[in-house]
Amino acid sequence: MIKKIVGLSVLLTIGGILLLSFKTKESIDLSSYSTEGLDLYYIAPNFSEIEDDNIVISPELGKSYIGFKEAVAFKESRGDYGVVNQFGYLGKYQFGKGTLDLIGIKNVKRNKFLGNPVLQEKAFYANLSRNKWVLRRDIKWYVGRRINGIEVTESGILAAAHLSGPGAVKKYLRSGGVEGFADAFGTTIRYYMKRFGGYDTSFVVPNKKAKAI
């Protein structure tokens, strides 16, 4: 019995020596796998946003103001002055009644508004002008920064304000992108800021009392 115990002890001792002899002398360097400094923030877009990534705007318009407004119009209504969506938003730029009231279009019958492209273009500019005044400080503070992985630009801010209203854009920017917004179709401020970033909107003059009429 004693011989067996001694034999087992010898085997265990030899096994331990062999295991130690195969131990690596160098520790594995995992620094190349570090995620430090990488932008790991990601928001999965809704299906309409994925589809819209393939929209091509006429290259002749480029990043001009006209290119900007036509790009927004295409996203909103495919550029149709006469369209009304299921939520009652009107025209090429999909205006709600409250917004139209703010820019002076009151007591105008729906069909007259839908049939008046000139008035709709004036409404779009007036709304941009008013939003640019409301967001003037935020434009100054945040343009050039990155929020949720997207570079903030003036045109992106103005497009997002057209989507959600300037108040929601203020909350989004000042919370560092934490306080978000999505419309009835699931379209977000982040998406509009990405989609319409980098256009030249210097043509738009900020005006607190901007009116289309």
Side-chain angles (χ1 to χ4, degrees), residues 52 55-85 87-143 151-170 172-173 181 183 185 187-189 191-213:
D52 283 348
I55 291 175
V56 178
I57 303 301
S58 173
E60 288 82 6
L61 299 177
K63 290 291 188 175
S64 65
Y65 168 74
I66 296 176
F68 170 73
K69 74 182 188 67
E70 292 304 320
V72 172
F74 195 80
K75 176 67 176 72
E76 292 288 340
S77 71
R78 297 301 189 267
D80 187 348
Y81 286 107
V83 71
V84 181
N85 77 4
F87 302 106
Y89 288 85
L90 306 173
K92 181 178 178 179
Y93 301 102
Q94 294 291 277
F95 285 106
K97 185 179 182 301
T99 299
L100 292 177
D101 286 345
L102 283 173
I103 56 177
I105 302 177
K106 300 179 180 180
N107 303 318
V108 176
K109 292 184 178 180
R110 186 174 77 173
N111 289 339
K112 285 190 175 182
F113 180 75
L114 295 174
N116 192 336
V118 173
L119 181 58
Q120 291 191 38
E121 295 296 338
K122 287 182 178 179
F124 182 71
Y125 179 83
N127 190 48
L128 282 181
S129 182
R130 181 181 177 277
N131 287 341
K132 191 170 181 177
W133 185 87
V134 174
L135 292 163
R136 64 197 185 282
R137 292 188 181 90
D138 299 272
I139 290 171
K140 181 179 179 181
W141 294 336
Y142 293 102
V143 165
E151 183 179 352
V152 178
T153 66
E154 181 180 289
S155 62
I157 288 175
L158 294 179
H162 182 82
L163 171 74
S164 65
V169 175
K170 276 189 178 184
Y172 178 83
L173 293 172
F181 169 91
D183 69 3
F185 298 104
T187 308
T188 62
I189 287 176
Y191 176 71
Y192 258 48
M193 292 189 72
K194 177 183 178 182
R195 191 78 168 80
F196 303 108
Y199 286 87
D200 181 5
T201 50
S202 59
F203 174 79
V204 180
V205 178
N207 184 353
K208 180 182 180 180
K209 299 179 180 180
K211 303 294 181 184
I213 297 179

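These numbers come from the heavy atoms of this one structure, side chains and all, not from hydrogens, waters or symmetry mates.
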Nearest-0.5 Å distance that lies between atom CG in Asp80 and atom CG in Leu114: 9.0 Å
Sub-4.5 Å side-chain heavy-atom contact between Phe185 and Asn85: yes
Closest heavy-atom pair and its distance - Ser77, Gly91: CB-O, 3.6 Å
Whether Ser129 side chain and Val204 backbone form a donor-acceptor pair below 3.5 Å: no
Other residues, nucleotides, ligands: >12 heavy atoms within 6.0 Å of Lys97 NZ: no
Spacing of CG belonging to Asn131 relative to OG1 belonging to Thr99, to within rounding of 0.5 Å: 8.0 Å
Atom pair CG (Leu135) and OH (Tyr142), whose distance is rounded to the nearest 0.5 Å: 11.0 Å
Stepwise ring pair (Phe, Tyr, Trp, His ring centres under 6.0 Å) test for His162 and Phe124: CA-CA 9 Å; His162 182 82; Phe124 182 71; 5.5 Å; yes
Ile105 to Ala212 - nearest heavy-atom pair and separation: CD1-CB, 3.8 Å
Ile66 atom CD1, neighbour heavy-atom count above 12 within 6.0 Å: no
Spacing of CD1 belonging to Ile189 relative to CG belonging to Asp183, to within rounding of 0.5 Å: 10.0 Å
Within 6.0 angstrom of Tyr89 OH, more than 12 heavy atoms from elsewhere: no
Shortest non-hydrogen contact between Ser155 and Gly198, atoms and distance: OG-N, 3.1 Å
Heavy-atom side-chain proximity of Val134 to Lys170 below 4.5 angstrom: yes
Over all atoms of both residues, closest heavy-atom pair of Phe196 and Thr153: O-OG1, 4.4 Å
From CD (Glu154) to CG (Leu128), nearest 0.5 Å: 9.5 Å
From Asp138 atom CG to Lys132 atom NZ, the distance as rounded to the nearest 0.5 Å: 13.5 Å
Name of the residue among Ile139, Ile157, Leu158 meeting side-chain contact (heavy atoms from CB on, under 4.5 Å) with Thr201: Leu158
Over all atoms of both residues, closest heavy-atom pair of Ala168 and Ser164: CB-OG, 3.6 Å
Distance-only polar pair, side chains of Tyr93 and Glu121, donor-acceptor under 3.5 Å: yes
Ring-face cation contact, Trp133 with Arg136, 6.0 Å cut, 45° max: yes
Flag side-chain contact, heavy atom, 4.5 Å: Phe113 against Leu119: yes
Lys92 and Glu70 ion-paired at < 4.0 Å: yes
Closest heavy-atom pair and its distance - Leu102, Lys211: O-NZ, 2.8 Å
